[in-house]
Amino acid sequence: MLLIRCPYCEEERPELEFRNAGEAHIARSANIAAISDEDFEKFFFIRTNPKGVIFERWRHVHGCARFFNAVRDTVTDRFLITYKAGEPKPDIERPASSEPAAYANRPPDQLNVKKPRKRAAAKKKDA
């Protein structure tokens, strides 16, 4: 399970308390009714989906209920930083580490690998 730090509550809480609210730092039109259908489509539906670092909005639904921004690596699913809504976008680069995903804590090739039974290992030593 992921732990997400709420910058308002100032503590890490389980991911089940939060909801993703989409991409952060999107320029919204002051008069949405005046823009073209194509521009509205880009604003409302089209989002970046990069492999790596992404800036997202989150809401602490089962806590303080406030929106905040987070920088998350989509490869490892790790939150690099969280910060209050309205604060400027931090200058963050993709981390050089190739750590496993937060929910796995192990590389994919090590997941669901059956370990040898202790008895079988002991028999091999006696033989």
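Everything numeric in this text was worked out from a predicted model, so none of it was measured.
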Exercise for the section: Name all residues meeting the side chain to side chain contact (heavy atoms under 4.5 Å, CB included) criterion together with N31; count only those two or more places apart in sequence or in a different chain, and write none if there are none. Expected result: A33, A34
Problem - side chain to side chain contact (heavy atoms under 4.5 Å, CB included) against Y8, all qualifying residues, sequence neighbours excluded - result: C6, C64, R66, F68, K84, A85
Fill in the blank from the handout: Minimal heavy-atom distance between T82 and P7, with the atoms involved, is OG1-CD, 3.9 Å
Exercise for the section: Working to the nearest 0.5 Å, report the span between NE2 of H60 and CZ of R5. Expected result: 12.0 Å
Exercise for the section: Under the side-chain hydrogen bond (donor to acceptor under 3.5 Å, both in side chains) rule, collect the residues that match up with E23, sequence neighbours excluded. Expected result: T48
Problem - Backbone of V53 reached by a side-chain donor or acceptor of T74 within 3.5 Å - result: no
Fill in the blank from the handout: Only one of R72, E12, E15 passes side-chain contact (heavy atoms from CB on, under 4.5 Å) with L2, and that residue is E15
Handout entry: Which residues share a side-chain hydrogen bond (donor to acceptor under 3.5 Å, both in side chains) with R13, sequence neighbours left out
Key = E17
Exercise for the section: Could you label the plane-to-plane angle of the Y83 and H25 rings as parallel, tilted or perpendicular, counting under 30° as parallel and over 60° as perpendicular? Expected result: parallel
Handout entry: Which residues share a side chain to side chain contact (heavy atoms under 4.5 Å, CB included) with R57, sequence neighbours left out
Key = A21, A24, R28, F67, N69
Handout entry: Residue pair W58 / I4, side-chain heavy-atom distance below 4.5 Å
Key = yes
Handout entry: side chain to side chain contact (heavy atoms under 4.5 Å, CB included) involving I32 - partner list, sequence neighbours excluded
Key = S29, I35, F40, F43
Practice task
With sequence neighbours excluded, tell me which residues meet salt bridge (charged side-chain N to carboxylate O under 4.0 Å, His left out) with R59.
Solution key: none
Problem - In one Ile/Leu/Val/Met/Phe/Trp/Tyr side-chain cluster, 4.5 Å: F55, I81 - result: yes
